[in-house]
Protein chains: 2
Amino acid sequence: MSRALTTEQRIKEAAKKVFISKGLAGARMQEIADEAQINKAMLHYYYRNKQQLFKNIFDEVIAEFAPKIMAILGEELSLEEKVNKFVGHYLDLLRANPFIPLFLFSELRNQPHEVVEKVGIKRGGVLKRLEKQLKKEAQAGRIKPITPIEFIANLVSLTVFPFLAQPMLGEIFGLKDKEFEGFIEQRKVTIPEFIMSAINLKH
Amino acid sequence: MSRALTTEQRIKEAAKKVFISKGLAGARMQEIADEAQINKAMLHYYYRNKQQLFKNIFDEVIAEFAPKIMAILGEELSLEEKVNKFVGHYLDLLRANPFIPLFLFSELRNQPHEVVEKVGIKRGGVLKRLEKQLKKEAQAGRIKPITPIEFIANLVSLTVFPFLAQPMLGEIFGLKDKEFEGFIEQRKVTIPEFIMSAINLKH
DNA sequence: CAAATAGTTAACCAAATAGTTAAACTATTT
DNA sequence: AAATAGTTTAACTATTTGGTTAACTATTTG
């Protein structure tokens with residue numbers, strides 16, 4: 001094994017890149033092969049067909065993203081700490097992989113049940129704990145009442161959406177890649193401030 | 001013209017439906033023809049090829065969505081009224097066309113410049129006016145300072161995101177279609193509250 | 001080392017799919 | 001009603017694309 005990467009690794013890298021930017025239907029086996037600098041037949045040697053290759057990549061991407069992220073919401077932290085940690089971690093992850101959200105949401109449409117299975121968010125566990133925390137804080141008069149579904153929807157919306165709209169933000173506000181990075185970095189601070197302000201009762 | 005719809009209209013309806021749910025790459029001319037209950041050759045008679053058919057649909061969808069929406073941000077309204085009107089209108093529009101956002105963002109990747117051209121948001125106009133309003137409110141001590149890009153990003157994020165994540169929300173929180181509608185209806189109230197709380201200085 | 005095994009390639013194939021043609025049919029004009 | 005323009009269909013062609021095969025090369029192993 002003298003080369004830096006094995007053929008299988010190169011295939012995975014290539015497939016990941018192409019699938020993520022073009023989706024399942026838009027990706028071409030030839031393009032993946034070219035990207036991996038191998039013969040097209042090798043794809044079929046390592047992964048029987050396009051479906052299986054895709055499934056492999058998709059599962060890997062989900063496994064890389066979902067667990068570490070959702071776990072934060074279940075940790076033993078104050079609300080403010082949770083929001084801070086969630087936003088910070090997630091933004092870093094997304095900045096390094098800005099095309100993942102669109103890729104995931106696109107393919108989510110085709111098989112919602114399977115995706116959620118893989119993501120592994122059960123309605124119990126994490127959610128129940130967060131619900132308790134929100135109720136407790138609200139009853140103590142520290143925050144306004146908010147359902148966990150709204151809380152999570154708002155948190156994830158604010159964090160993820162800019163990456164979906166990146167090309168548009170870029171065009172409208174004239175943000176180059178470098179400036180977009182700055183914008184994201186800034187949002188590590190402003191999103192938690194925004195959320196905590198929104199639900200806080202005291203200044 | 002005895003039939004309810006002309007052939008061209010039926011083609012457009014069908015193409016819209018198929019393109020929106022499958023994307024450009026995933027859509028099949030035969031499927032569009034079947035959906036429109038016509039011969040495949042008719043597609044080529046009315047629209048020379050797949051690209052042109054797609055471009056037509058895409059332009060129409062953008063023209064239907066972008067202008068009415070962005071205009072609100074430039075109107076002569078208080079911030080609170082703007083937020084209320086924007087969220088209310090946009091949510092209604094999206095509820096009737098829940099697949100549009102994913103469709104737009106997917107195809108946005110391929111041609112960001114053209115899309116923004118079509119959407120017609122120039123950096124001047126609407127944006128400049130909103131910026132002035134935000135500055136004025138902040139200087140008067142009524143809201144916390146916020147850049148227009150963050151304001152718009154937050155507003156649009158909170159409004160649009162749930163439709164992208166709909167299948168996931170459905171699975172995780174067990175929302176059926178009917179309940180999702182209720183969730184959206186509820187957000188007409190909670191999103192403006194959330195935003196105004198977040199930026200307001202006084203209770 | 002030699003046989004077996006694993007990895008790789010170019011050429012090929014078949015299915016799917018976009019696009020074309022010519023003829024028939026229908027509505028409109030003269 | 002004849003001519004013309006517009007519409008629709010079935011059959012066909014061209015191209016793209018996922019997948020296969022057989023021959024070849026490198027590597028492992030007995």
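Basis for what follows: all heavy atoms, side chains included, without hydrogens, waters or symmetry-related copies. Chain letters run A, B, ... following the sequence lines, proteins first and then strands; every chain starts at 1.
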Quick one: B:Tyr45 OH to D:dT7 C1', roughly how many Å, whole number? 5 Å
Distance check, rounded to the nearest 0.5 Å: B:Tyr45 atom OH versus B:Ile11 atom CD1? 10.5 Å
Would you please name every residue forming a side-chain contact (heavy atoms from CB on, under 4.5 Å) with B:Lys16, sequence neighbours left out? B:Ile20, B:Ile57, B:Glu60, B:Val61, B:Glu64
Output side-chain donor-acceptor pairs under 3.5 Å for residues 149-156 of chain A, partner residues at least two apart or in another chain, one line each.
{"from": "A:Glu150", "atom 1": "OE1", "to": "B:Arg187", "atom 2": "NH1", "distance (Å)": "3.2"}
{"from": "A:Glu150", "atom 1": "OE1", "to": "B:Thr190", "atom 2": "OG1", "distance (Å)": "3.0"}
{"from": "A:Glu150", "atom 1": "OE2", "to": "B:Gln186", "atom 2": "NE2", "distance (Å)": "2.9"}
{"from": "A:Glu150", "atom 1": "OE2", "to": "B:Thr190", "atom 2": "OG1", "distance (Å)": "3.0"}
{"from": "A:Asn154", "atom 1": "OD1", "to": "B:Arg187", "atom 2": "NH1", "distance (Å)": "3.0"}
{"from": "A:Asn154", "atom 1": "OD1", "to": "B:Arg187", "atom 2": "NH2", "distance (Å)": "2.7"}
{"from": "A:Asn154", "atom 1": "ND2", "to": "A:Glu150", "atom 2": "O", "distance (Å)": "3.3"}

Are any non-hydrogen side-chain atoms of A:Glu107 and A:Asn110 less than 4.5 angstrom apart? yes
Between B:Ile100 and B:Phe163, is any pair of side-chain heavy atoms under 4.5 Å apart? no
Please table the atom pairs, donor to acceptor, closer than 3.5 Å between any side-chain atom in residues 68-76 of chain A and protein atoms at least two apart or in another chain.
{"from": "A:Glu75", "atom 1": "OE1", "to": "A:Lys85", "atom 2": "NZ", "distance (Å)": "2.8"}
{"from": "A:Glu75", "atom 1": "OE2", "to": "A:Lys85", "atom 2": "NZ", "distance (Å)": "3.4"}

Interface with DNA chain D, restricted to residues 21-36 of chain B and to heavy atoms under 4.0 Å: none
Could you name each residue pair satisfying salt bridge (Lys or Arg N to Asp or Glu O under 4.0 Å) that touches residues 27-41 of chain B, not counting sequence neighbours? B:Lys17-B:Glu35, B:Lys22-B:Glu31
Consecutive Watson-Crick or G-U pairs in runs of at least 3, all under 3.5 Å, in which DNA chain D is involved: C:1-30 with D:1-30
Summarise how protein sits on nucleotides 21-27 of chain D as a single string, 5' to 3': B when a protein heavy atom is under 4.0 Å from the base, S for sugar-phosphate-only contact, - for no contact. B------
In whole angstroms, the gap separating C1' of C:dC12 from NE2 of A:His44 amounts to 13 Å
For residues 61-101 of chain B, pull every pair meeting ring pair (Phe, Tyr, Trp, His ring centres under 6.0 Å), keeping only residues two or more places apart or in separate chains. B:Phe86-B:Tyr90
Taking side-chain contact (heavy atoms from CB on, under 4.5 Å) as the test, write out the residues that go with B:Lys188, two or more places apart. B:Leu91, B:Asp92, B:Arg95, B:Glu185
What are the residues of residues 47-59 of chain B, sorted by number, that bring a heavy atom to within less than 4.0 Å of DNA chain D? none
Given atom CE of A:Met42 and atom C1' of D:dG18, what is their separation to the nearest angstrom? 17 Å
Nucleotide nearest B:Lys40 when distance is taken to its side chain, options C:dG19, D:dG19, D:dG6: C:dG19
Verify the ring-centre separation between A:Phe54 and A:Tyr47: is it less than 6.0 angstrom? no
Please state whether the phosphate of C:dT8, meaning OP1 or OP2, lies under 4.0 angstrom from any side-chain nitrogen or oxygen of A:Tyr46. yes
Under 4.0 Å: is that the gap between some side-chain N or O of A:Asn39 and OP1 or OP2 of C:dA10? yes
side-chain contact (heavy atoms from CB on, under 4.5 Å) filter on B:Glu193, not counting sequence neighbours, yields B:Val189
Residues that B:Gln51 engages under side-chain contact (heavy atoms from CB on, under 4.5 Å), provided they are two or more places apart: B:Leu24, B:Asn49
Gap between atoms CD1 and C1', on A:Ile38 and C:dA10 respectively (whole Å): 14 Å
Is A:Arg142 reaching over with its side chain to a backbone N or O of A:Glu137, donor-acceptor style, under 3.5 angstrom? no
Has B:Thr7 got a side-chain N or O lying under 4.0 Å from the OP1 or OP2 atom of D:dT7? no
